[in-house]
Each structure stands twice: as structure tokens, then as C-alpha cells.
Amino acid sequence: MDIKRQHSAPLVEALEDFRRKRVVPFDVPGHKRGRGNPELIKLLGQTCVSLDVNSMKPLDNLCSPVSVIREAEELTADAFGASHAFFMVGGTTSSVQSMVLSVCKAGDEIILPRNVHKSVINAMILCGAIPIYVQPAIHSEIGIALAMEYEAVKKEILAHPRAKAVLINNPTYYGICSDLKRITDLAHAHGMKVLVDEAHGTHLYFGENLPMSGMAAGADMASVSMHKSGGSLTQSSILLLGPHMDAGYVRQIINLTQTTSASYLLMASLDLSRRNLALHGKEAFAKVVQMTEYARDEINSIDGLYAYGKELINGTTVVDFDTTKLLTYTQGIGLTGIEVYDLLRDEYDIQIEFGDMGSILAYISIGDRMQDLERLVGALEDITRHNRKPAFGQPISDFVAPEVVCSPQMPFYAEFESLPLDETIGRISSESLMCYPPGIPMLAPGERVTNDLIDHIRFAKEKGCSLQGTADPNTEYLRVMKE
């Protein structure tokens, strides 16, 4: 990384120059720097609204950048150790989908873990790729899905030599990492591309003593949510390429679905966040790790709670663990994660990232403070004292291994009928169903509905999980293929 160059923020500097010129706007957006909608200025501030501008020559164009956006993307590639970087304004969802669409066409096979984000499933619906799932093991004590095992991936690569790519989560939402380097080398040895979903891994590129990043492992593409742990605005993301990808073709794929009216607020936040991480990321994430380890130790002193960490590493199903993830198993105090999530928000004014059947996640990053972590620990102590119930006998997992009948595209577009949940058992789903967050489908198009799955859905609803994906917003009915 060229540190001297990293002091620059070319897109931000161009925006600042543009604002100083006080150009009269006869283009979009129609609020005309906020004059047409004073409430926007009141809510967001004059500076913010005045920078909500349209593409023009001095500010470049994200669809085909030739000047300041191109330079900003080149600086991002340099900072992340990639051959090329794309600014993405449709979230990491658009970045992940662009990865899959760049390597897979209708009928192509892709090897991937089943506990992927819904964006991966949706990408296969769009392009007609055929998933070859590697089912993750489930931790026997805390019920979370673990990594793709190297040997399991090897088995599928040998069984499906024509597969186009292997997709890997790095890390998972739960901080779990696969043997990224070995899997990458294995896939490349068999002529397959390696795609890495790093929605939760921005910090891996800048922190020390953290799991290996996708680009460091030699991956061909990596999707990185800068807005999650990198400090940029929500919905901003980047897509990184290795040296053996055709950047021009990938740009064409991106432009199939990405807006032609890219937000300069989002792009400017990417430019600034990249500069901040390049110059200060090492120190910032060292502090994040220190704070998270402190909170993990404090939570583990509370009887019944378990904040898990590197002790999960076993060399196979957990090859590494992201210590910035503050995950706490709550079933030891007789509460699901979603129940603790709701209590923290409703009773203590603490908003954490998610609660699921067994765990909660407090997302710790560069904007957190030690006093806030102390408040979280105190709230968990109080919840344990006042809301504790008998511990669960067996861990209730968020992941129910599905029975995959066919690839997701065909059932999604096929004729369907909408039936009450209990009447769908044995039928093939035409739609996805997931708790959000984390957005990992418990059921995807092309998978068979089972008794266990229906029981899991009922339990999730009872405990207050936000169920999404189905056409029925109340999740009382499910669309299944017509027989």
C-alpha cells in the first residue's frame, strides 16, 4: 500500500471544489440543493443536502468512471491489496450478486455453504446457477452453524469438476472462518474461481492478528461491507477483484443492476472511510479488539451467559475466529437471543445487531466507546438477575439443514399455490423465508418443507423474530410449487 497516496480523497476533494463554485443547478435532483424541500435541510443539514448531486463531468460517473471516481477506486484497490475495486451503492447485496453473476450463467454449478446470505440465493434465481451446497456442521453446545470444512469442499470439487466457482463466507455473521487459503488454492488448482462474501470482514484488511482476508488468500473476488465495520454510510460497499478477473466485464455485470444515479453521499463516504482506514485502521481495530475482549471477559463472569471466542477453533469446522464479534449465547439463562435483543432495546435503550434463537451479537467497531460496552455488560447482568428462566436442555439452532430438491430459479418462476404453513409439509417451496437479521434463509426456493422446519418457523414467530421473504407478510401462508 502506498501510504503517501492514501492521504488523498479525490472524489471528496472534487465535491468540495464543486460546492465552492456555487454552480446554478438545472439538473436533478429536483430539490436543488435543498431549496425545494427545506425540511431536508432541517433534517440533514445544508452541507449534506448540497452534496446530493447528479453525475457530471467534474464529478465523474460511477457507471463508467474516467477521473475522480476512477482514482478513488484505484486508491481503494491499493488499500485493500486488490487488483481492482468498484464502489457499490446498492449495499453488499449488489456486490455479492455481481460476484455470482460475473462467473455463473444458466446451468453452471457453484459450490457454496448453505448458510449464505439471501443475496446469494437471489443471485442464483437471477442467473439460473445450480447450487452445490456444503452443509455446515452445527456446534453441539451453542447451536450455531460452523465453517465449510476443507475436506467437504474437496469432496464436492471432485464430484463436480465442471463447477465454475466456490463461494466462502469470511467470516460468518457469527465470526466463524473456514480454511480460506487452502480452499482457495484447491479451487484454483481445479480451475474454479473463488468468491468471498466479506460483508462482515472490512477490518480483516487493516487489523493485526485477525483472520486472513480474501485478497490476502488469493481470492478472485471479495464483497466488503465498508458500512458495517469500516465507517462509511449505510448501503455503501466495495467489490474487490484479484488479478485474474476481467474488470471491464465485471463493470458490465455491475451495470446490469446498479443504479445510473449513484449517490455522491455514499461514494464520498467510501472515499473518506478508505482514507481513514488506510491511515489509522491498524490502531483503530487494535482498540476494537481490546474493547471486545474486555467485554467478552466481563460477560463470561455472568452466570449463565457465554460470550464465545477463539476457544471454538478446532482446525476443521472452525479454523479461525473473528475476535471483534461480541457474540453471547443466551439459552443458559432460559432466554432466546431475540428475547434478550428485545429487552435490551425496550428496557435499556441499547440497540444490538441481532438476536436469534440462541445468541445475540453486539457489533463492535471503530465508533464504539468503552463506556458503552460497560453499559451493555451492566444491562446483561440486570437482565440475568430479573428475567432468568430455567436453562434450555438442548441448544435450539437457527439453522435447519434443508432438503434441496432443485436449483432456486425454476421454482421461483414456476406456477405456485399459496397454502397455510401446516399444509405445505412435503411440498417444494417457491419462495425464501428467513429471520432478519441475519438474513440467512431457513428455506429457499427448490427446498422441501418439513415438519422440523415448520416447528422452527412457529418457534421463531413465537419468540418475536422478524420473519421475511414470503409474499405473505404475516408468514401464515407459504407459496409452493403446483403439483
Side-chain angles (χ1 to χ4, degrees), residues 142 144 171-177 199-211 225-234 273 276-277 280-313 320-388 437-438:
I142 55 179
I144 64 171
T172 70
Y173 223 155
Y174 298 85
I176 305 297
C177 297
H200 303 282
T202 305
H203 48 290
L204 305 185
Y205 288 86
F206 302 97
E208 290 187 322
N209 301 316
L210 291 173
S225 278
M226 279 286 276
H227 70 92
K228 288 187 172 71
S229 60
S232 64
L233 291 177
T234 296
S273 296
N276 181 51
L277 294 183
H280 310 295
K282 179 179 176 181
E283 298 82 4
F285 288 120
K287 182 182 177 183
V288 169
V289 171
Q290 180 185 16
M291 290 191 299
T292 308
E293 293 289 16
Y294 161 80
R296 186 175 285 116
D297 290 342
E298 291 295 305
I299 292 170
N300 281 330
S301 70
I302 303 171
D303 182 49
L305 295 180
Y306 172 37
Y308 40 97
K310 278 186 170 290
E311 72 280 357
L312 297 183
I313 295 174
D320 208 344
F321 184 84
D322 177 9
T323 54
T324 72
K325 300 289 187 295
L326 183 57
L327 288 138
T328 303
Y329 179 67
T330 64
Q331 291 181 16
I333 61 171
L335 298 174
T336 62
I338 188 61
E339 289 174 313
V340 175
Y341 171 96
D342 287 339
L343 284 167
L344 285 169
R345 182 194 60 247
D346 297 340
E347 303 296 332
Y348 299 90
D349 294 329
I350 295 174
Q351 182 62 55
I352 57 173
E353 175 67 11
F354 77 71
D356 59 20
M357 292 297 99
S359 298
I360 58 172
L361 169 61
Y363 214 103
I364 315 301
S365 194
I366 56 177
D368 286 292
R369 305 173 300 176
M370 187 64 81
Q371 58 262 42
D372 296 326
L373 285 168
E374 290 171 345
R375 180 175 169 183
L376 172 63
V377 172
L380 291 174
E381 289 176 334
D382 205 47
I383 288 171
T384 301
R385 186 180 307 115
H386 296 293
N387 298 275
R388 186 169 190 157

The reported gap from CG in Leu344 to CG in Asp349 (rounded to nearest 0.5 angstrom) is 10.5 Å
Nearest-0.5 Å distance that lies between atom NE2 in His200 and atom CD in Glu353: 7.0 Å
Any Thr336 side-chain heavy atom under 4.5 Å of Val340 side chain: no
Hey, could you give me the CG/CD1 distance between Asp303 and Ile333, rounded to the nearest 0.5 Å? 10.0 Å
Nearest heavy atoms of Ser365 and Ser229, plus distance in Å: OG-O, 2.8 Å
Looking at Lys282, I want to see if its NZ is surrounded by more than 12 non-hydrogen atoms of other residues, nucleotides or ligands under 6.0 Å. no
Within the 4.5 Å heavy-atom criterion, are Leu361 and Asp356 side-chain neighbours or not? no
Taking the six-membered ring for Trp, are Phe354 and Tyr174 closer than 6.0 Å centroid to centroid? yes
Ionic contact status for Lys287 with Asp368, cut-off 4.0 Å: no
Which of Tyr173, Tyr306, Phe321, Tyr363 passes side chain to side chain contact (heavy atoms under 4.5 Å, CB included) with Leu327? Answer is Phe321
Validation row: Asp342, Glu339 side chains within 4.5 angstrom (heavy atoms): no
What one should report as the nearest heavy-atom pair of Met357 and Gln331 is O-NE2, 2.9 Å
Flag the pair Leu335 / Asn387 as yes when at least one side-chain heavy-atom distance between them is below 4.5 Å, and no otherwise. yes
Which atoms form the tightest heavy-atom contact between Leu326 and Ile364, and what is the distance? CB-CG1, 4.0 Å
Contact check, side chains of Glu347 and Ile383, non-hydrogen atoms, under 4.5 Å: no
Carefully, step by step, assess Ile302 and Leu380 under the rule side chain to side chain contact (heavy atoms under 4.5 Å, CB included). CA-CA 8 Å; Ile302 303 171; Leu380 291 174; 4.2 Å; yes
What's the separation between atom CZ in Arg388 and atom OG1 in Thr330, rounded to the nearest 0.5 Å? 11.5 Å
Short question: side chain of Lys228, backbone of Gly201 - any donor-acceptor pair under 3.5 Å? no
Under a 4.5 Å cut-off applied to non-hydrogen side-chain atoms, are Leu210 and Thr324 in contact? yes
What I'd like to find out is whether the side chain of Pro171 reaches to under 4.5 Å of the side chain of Ile176, using heavy atoms alone. no
Go through the side-chain N and O atoms of His227 and Ser232 and say whether any donor and acceptor fall under 3.5 Å apart. no
Determine yes or no for a side-chain-to-main-chain donor-acceptor pair under 3.5 angstrom, with Asn300 supplying the side chain and Ala307 the backbone. yes
Heavy-atom nearest pair, Met226 first then Thr202, reads SD-CG2, 3.6 Å
Any donor-acceptor pair under 3.5 Å linking the side-chain atoms of Asp346 with those of Tyr341? no
For the residue pair Arg296 and Thr323, establish whether any side-chain heavy-atom pair is separated by less than 4.5 Å. yes
Using side chain to side chain contact (heavy atoms under 4.5 Å, CB included), reason through Ile366 and His203 one step at a time and then give a plain yes or no. CA-CA 9 Å; Ile366 56 177; His203 48 290; over 6 Å; no
Distance check, rounded to the nearest 0.5 Å: Ile299 atom CD1 versus Thr328 atom OG1? 3.5 Å
Leu373 versus Ala295, closest heavy-atom pair with distance: CD2-CB, 4.1 Å
Between Gln290 and Val288, is there a donor-acceptor pair closer than 3.5 Å when you use the side chain of the first and the backbone of the second? no
Is a side-chain donor-acceptor pair under 3.5 Å present for Glu298 with Ser301? no
Backbone N/O of Tyr348 and side chain of Arg375: donor-acceptor pair under 3.5 Å: yes
Search all heavy atoms of Arg369 against all heavy atoms of Met291 and return the closest pair with its distance. C-SD, 3.9 Å
